[in-house]
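Note that the coordinates shown come from a computational prediction; the quantities given were computed from them, not determined experimentally.
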Amino acid sequence: MANEEWGPLAGLIGTWESGFDGLDVSYHNDNGKIAETAFRERTTFDPFGPVESGVQRLYGLDYRTAAYRQGEDRPFHTEVGYWMWDAMQRQIVRCFTSPRATTLIAGGTAEPDATTFKLVAELGSNTYGILSSRYLDEVAKTTRFDVTVTVNGDTFTYDETTVVEHTKFPAVILHTDRNTLKRVSWEA
């Protein structure tokens with residue numbers, strides 16, 4: 001398999017883990033406040049492709065991630081989805097869903113050899129957008145998502161912000177997650 005086909009995503013192929021270095025800053029329903037949660041994470045990126053649509057040719061990564069609080073065996077957050085590289089358009093696309101009934105497609109422009117890139121999704125966008133269940137749309141509406149990713153050898157770092165308008169909180173919530181993971185295997 002020629003990894004150059006995956007462009008800037010090639011460096012993510014494999015299995016990644018962190019210690020409790022991750023930090024989630026979000027609204028906690030149990031106490032009605034913004035609070036911090038340290039977490040460990042395991043993420044897998046399994047390559048596939050090409051996927052062709054007319055002249056478009058995508059190479060992608062099937063990915064799954066789970067985040068765990070200290071002392072807990074069940075993840076408090078999971079995602080499943082795809083990261084894709086469109087070399088012709090120089091676009092990285094990440095689409096995923098979470099079990100809270102939110103789905104999004106985030107995207108951004110990058111060069112094939114980029115080691116840092118940013119992806120964005122906005123509510124109402126026809127291309128890189130956000131969908132939620134009726135309940136979440138009414139109670140905790142996600143209006144924007146952005147993530148900056150840096151891949152440096154066997155280290156993968158991300159810093160993401162999800163903008164949420166919550167009916168139980170008086171201001172817009174900037175739900176942030178950041179972590180640095182280490183590659184533990186080249187296999188997903």
Inter-residue atom distance Phe20.CZ - Gln70.CD, 0.5 Å rounding: 4.5 Å
Would you name the heavy atoms of Ala114 and Pro8 that are closest together and state the gap between them? O-CB, 3.4 Å
Determine whether Phe145 and Val164 fall in the same hydrophobic cluster, where Ile, Leu, Val, Met, Phe, Trp and Tyr are linked whenever their side-chain heavy atoms lie under 4.5 Å apart. no
Measure the shortest side-chain to side-chain distance between Asn152 and Thr115 over non-hydrogen atoms and say whether it is less than 4.5 angstrom. no
Can you list the steps and then say if Arg100 with Tyr135 is a side chain to side chain contact (heavy atoms under 4.5 Å, CB included)? CA-CA 10 Å; Arg100 288 179 176 77; Tyr135 171 78; over 6 Å; no
Partner of Pro50 under side-chain contact (heavy atoms from CB on, under 4.5 Å), chosen from Gln56, Glu5, Arg57: Arg57
Does any part of the side chain of Ile173, heavy atoms only, come nearer than 4.5 Å to the side chain of Glu165, both counted from C-beta? no
Electrostatic pair Glu160:Lys118 at N-O distance under 4.0 angstrom: no
NZ/NE/NH1/NH2 to OD/OE distance under 4.0 Å, Glu111 and Arg90: yes
Is it true that the side chains of Tyr63 and Arg94 contain a donor and an acceptor less than 3.5 Å apart? yes
Run the ring pair (Phe, Tyr, Trp, His ring centres under 6.0 Å) test on Tyr59 and Trp85 for me, step by step, so that the C-alpha distance in whole Å, both residues' side-chain angles and the decisive distance to 0.1 Å come before the verdict. CA-CA 5 Å; Tyr59 283 83; Trp85 171 240; 10.0 Å; no
Any side-chain heavy atom of Pro99 within less than 4.5 Å of one from Thr78? yes
Answer yes or no: are there more than 12 heavy-atom neighbours, outside Tyr82 itself, under 6.0 Å from its atom OH? no
Would Ile13 end up clustered with Ile92 when hydrophobic side chains under 4.5 Å apart are linked, directly or stepwise? yes
Side-chain donor-acceptor pair present, Ser132, Asp137, cut-off under 3.5 Å: no
If you apply the rule side chain to side chain contact (heavy atoms under 4.5 Å, CB included), what do you find for Thr148 with Thr116, and how did you get there? CA-CA 7 Å; Thr148 299; Thr116 298; 4.0 Å; yes
For the student: nearest non-hydrogen atoms of Phe117 and Ala110, plus distance: CB-CB, 4.1 Å
Please answer whether the main-chain N or O of Lys168 pairs with a side-chain N or O of His166 as donor and acceptor at a distance below 3.5 Å. yes
Just checking, is any N or O donor in the side chain of Asp24 or His175 under 3.5 Å from an acceptor N or O on the other one? yes
Only one of Trp16, Tyr158, Tyr68 clears side-chain hydrogen bond (donor to acceptor under 3.5 Å, both in side chains) with Glu41; which? Tyr158
Quick one: does Trp6's side chain have a donor or acceptor within less than 3.5 Å of a partner on Gly60's backbone? yes
Are Phe48 and Ile105 linked, directly or through intermediate hydrophobic residues, by side-chain heavy-atom contacts shorter than 4.5 Å (ILVMFWY only)? yes
Side-chain contact, heavy-atom cut-off 4.5 Å: Phe96 with Leu104? yes
Rounded to the nearest 0.5 Å, how far apart are NE2 of His77 and CG of Asp177? 7.0 Å
Atom CG of Asn126: over 12 foreign heavy atoms under 6.0 Å: no
Assigning hydrophobic clusters by single linkage (Ile, Leu, Val, Met, Phe, Trp, Tyr; side-chain heavy-atom cutoff under 4.5 Å), is Val25 placed with Val163? no
Heavy atoms only: give me the nearest Leu23-Phe39 pair and the separation to one decimal. N-CE2, 3.2 Å
Can you confirm whether Thr15 sits close enough to Arg183 that some side-chain heavy atom of one is under 4.5 Å from a side-chain heavy atom of the other? no
Is any side-chain heavy atom of Thr97 closer than 4.5 Å to a side-chain heavy atom of Glu79? no
Between Phe45 and Phe156, does the ring pair (Phe, Tyr, Trp, His ring centres under 6.0 Å) criterion hold? Intermediate values first, please. CA-CA 12 Å; Phe45 295 98; Phe156 156 49; 5.7 Å; yes
Could you give the distance from OG1 (Thr102) to NZ (Lys141), rounded to the nearest 0.5 Å? 11.5 Å
So OG of Ser53 and CG of Leu58: to nearest 0.5 Å the spacing works out to 7.0 Å
Could you pull out the closest heavy-atom pair between Ala106 and Leu119, with the gap in Å? CB-CB, 4.0 Å
Honestly curious: do Leu181 and Phe76 fall in one hydrophobic cluster under the side-chain, below-4.5 Å linking rule? yes
Does atom CD of Glu52 have more than 12 heavy-atom neighbours from other groups under 6.0 Å away? yes
pair Leu61-Asp46: side-chain heavy atoms closer than 4.5 Å: no
Are Leu123 and Thr142 close enough, and set up right, to give a side chain to side chain contact (heavy atoms under 4.5 Å, CB included), and what steps lead you there? CA-CA 7 Å; Leu123 182 64; Thr142 299; over 6 Å; no
So, Arg144 and Glu122, do they make that salt bridge, N to O below 4.0 Å? yes
Please step through side chain to side chain contact (heavy atoms under 4.5 Å, CB included) for the pair Met88 and Val55, ending with a clear verdict. CA-CA 9 Å; Met88 186 173 67; Val55 298; 3.8 Å; yes
Partner of Thr180 under side-chain hydrogen bond (donor to acceptor under 3.5 Å, both in side chains), picked from Thr155, Thr150, Asp21, Thr157, is Thr157
d(Ile34 CD1, Thr176 OG1) to nearest 0.5 Å is 9.5 Å
NZ/Lys182 to CD/Glu17 distance, rounded to the nearest 0.5 angstrom? 13.0 Å
